[in-house]
Amino acid sequence: MPAAGPRRLHLNAFLMNAGHHDAAWRHPRTQPERVTDRRYFQHLAQTAERGKLDSLFFADGLALWGKVKHNALGGFEPLTLLSALATVTEHIGLIATVSTTFNDPFHTARKFASLDHLSGGRAGWNIVTSGTVDEARNFGQDAHLEHGLRYDRAREFVEVATKLWDSWEDDAVLLDRVRGIYVDAGKVQPIDHRGEHFAVQGPLNVPRSPQGYPLLVQAGSSEDGKEFAAQYAEAVFTAQQTLADGQAFYKDLKNRLARYGRSEDDLKILPGICPVIGSTEAEARALEQELTDLQVPEYGLAQLSGMLGTDLTGLPLDGPLPALPEERDINGNKSRFTLVAELARRDGLTLRELIARLGGGRGHRVFAGTPEQIADQLEEWFTQGAADGFNVMPPHLPGGLEDFVDHVVPLLQDRGLFRTEYTGRTLREHYGLPRPAGRLAPSVTAAEGQPA
């Protein structure tokens, strides 16, 4: 693990097809025809690595999000894509979303252990519980599991996955050609898990990987989500609109760690930021307006309906939000529902204005300005107790990422806030986090040379 030094911020590149703005695919600076071209994403990964970013991240859902008629949606399954990106990068972390609601722990543990081996220790898992009934209907269910039940399942899911990663001890592979012994069979053990949601015998069929476990990331900011993060997560992606909101979330989540025997340094909080960058503030605001002008209201209204759990079809765009359900009645993404509803009420936004405000970040903070202004914003949140780093969400690709790497990162480096070179090899080392030791004590040793 790297020696302790000055506190440095962490930067993750959150990549989405043509960019995060829902009209990015219509802008001449983007390449929506390449969203299933591995070379496009390999270029993006190499760009992020050139900027010495900690990691890159792909979100995922198990249904076709939004109205595909009006946006460049769909594309690669993220673990498959990250395997391709691992071959053209050396340092940058590779984080993928995998749902605990519509997967099983054995498959998930196996896939992340494989990616960690393939990448030399750079895998990360963004743990989600899934939030839509459309996903449930792709898995033989008519309704989505209740919010609290999804988190109960997620807790057991993570516990099973970590047991599986621990089912091989680090030194289990002997490679003793003379005696014909590949593995010390006493160091590869079944886990024999029997719980409320899962029954898994184990052991995993992949040896323990370079990091032991992938970096564990979480993105929910509801009460259930924050408690889950305090118990398990090592990095949290969150959406916060103001410095005060960011400070409150940061303090709340960090204060929850002690009850699980964890320190504040054990978890890194990375708010989302969608930076619209121009050489002047006027140029940045002009680009922001260009993207807004390309929005399709029908798409934005459908997206907003999903966030708010309320069908807004046919309502006047220049009118206010209608009455909304209570948060307790929302069975999807509760934290995003609350953020969007409060944003509309606080700023008195019409539906049209709300669609425009959400176009770049879907509730994450959007900031248009010069590289210096962007760097100032990041420094303020980082030094004022609102962030350990940022989930950078380029509004358009590839240019939005290139602008950030070429013009914002050097400013952060000059200010001593960000690394100038990678000092570690693994994703855990980038985030200043330890490699977890195996937790399973050896059982009765099997006969040497016998398959475990």
Side-chain angles (χ1 to χ4, degrees), residues 14-18 20 22 35-36 41 56-85 94-115 123-158 160-161 197-198 200 214 216-222 224-225 228-229 232-233 237 239 299 302-309 330-337 362-363 391 393:
F14 180 2
L15 304 179
M16 284 189 71
N17 286 359
H20 277 271
D22 60 37
V35 300
T36 52
F41 288 102
L56 56 85
F57 160 58
F58 291 98
D60 192 39
L62 297 168
L64 187 58
W65 285 338
K67 284 186 174 290
V68 70
K69 177 180 179 181
H70 298 301
N71 200 354
L73 304 173
F76 288 116
E77 185 281 317
L79 278 168
T80 307
L81 176 57
L82 290 177
S83 296
L85 302 188
L94 307 167
I95 303 174
T97 291
V98 172
S99 169
T100 58
T101 303
F102 301 114
N103 285 284
D104 282 304
F106 191 93
H107 272 135
T108 300
R110 184 187 189 199
K111 291 172 183 177
F112 277 107
S114 298
L115 178 62
W125 173 20
N126 180 43
I127 305 162
V128 301
T129 64
S130 297
T132 70
V133 70
D134 285 340
E135 292 171 288
R137 289 170 180 164
N138 283 337
F139 291 86
Q141 301 175 24
D142 292 328
H144 203 10
L145 288 177
E146 186 272 326
H147 191 270
L149 182 59
R150 296 203 304 272
Y151 274 100
D152 288 342
R153 177 185 166 96
R155 290 183 184 92
E156 187 178 343
F157 193 113
V158 173
V160 175
H197 301 282
F198 304 106
V200 181
L216 300 180
V217 184
Q218 190 266 355
S221 299
S222 65
D224 286 331
F228 181 90
Y232 298 107
F237 298 151
Y299 177 86
Q303 188 177 45
L304 188 56
S305 296
M307 290 180 184
L308 296 175
I330 295 295
N331 194 33
N333 188 327
K334 288 180 180 288
S335 57
R336 195 58 53 88
F337 166 86
R362 303 172 308 284
N391 196 19
M393 304 165 57

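At distances below 3.5 Å, not a single donor-acceptor pair connects side-chain atoms of T97 with backbone N or O atoms of I127. Panel note: side chain D134, backbone L64; no donor-acceptor pair is recorded below 3.5 Å. At least one donor-acceptor pair closer than 3.5 Å links the side chain of E156 to the backbone N or O of F198.
Taking the six-membered ring for Trp, F14 and H20 have ring centres closer than 6.0 Å. Between F76 and F58, the distance from one ring center to the other does not fall under 6.0 angstrom.
Residues T132 and L62 are not in side-chain contact: their nearest non-hydrogen atoms beyond the backbone lie 4.5 Å or more apart. Using a 4.5 Å heavy-atom cutoff, the side chains of H197 and L149 are in contact. At least one side-chain heavy atom of F237 sits under 4.5 Å from a side-chain heavy atom of I95.
F41 and V35 get closest at one heavy-atom pair: CE1-O, 3.3 Å. What you find for Q218 and A229 is that their closest heavy atoms are OE1-CB, 3.4 Å. Contact detail for T101 and H144: the closest heavy-atom pair is CG2-CE1, 4.1 Å. Minimum heavy-atom separation, V133 to D142: CG2-O, 3.6 Å. Of all non-hydrogen atoms in E135 and G61, the two that sit nearest each other are OE2-CA, 3.7 Å. Across every non-hydrogen atom of T100 and A154, the tightest pair is OG1-CB, 3.4 Å.
S99 OG to F157 CZ: the interatomic distance, rounded to the nearest 0.5 Å, is 7.5 Å. Considering CZ of R362 and CE of M393, their distance stands at 4.5 Å, rounded to 0.5 Å. In this structure, CG in L115 is found 13.5 Å from CH2 in W125, a value given to the nearest 0.5 Å. Note that OG1 of T129 is 9.0 Å distant from CG of D224, once rounded to the nearest 0.5 Å. How far CZ of F112 is from CG of L82: 8.0 Å, rounded to the nearest 0.5 Å. Rounding to the nearest 0.5 Å places CG of N126 at 4.0 Å from CZ of F57.
In terms of the salt bridge (charged side-chain N to carboxylate O under 4.0 Å, His left out) criterion, R153 has no residue partners (sequence neighbours excluded).
Few gaps surround CZ on R155; more than 12 heavy atoms of other groups in view lie less than 6.0 Å from it.
Across T108, V98, L94, a single residue satisfies side-chain contact (heavy atoms from CB on, under 4.5 Å) together with L79, and that is V98.
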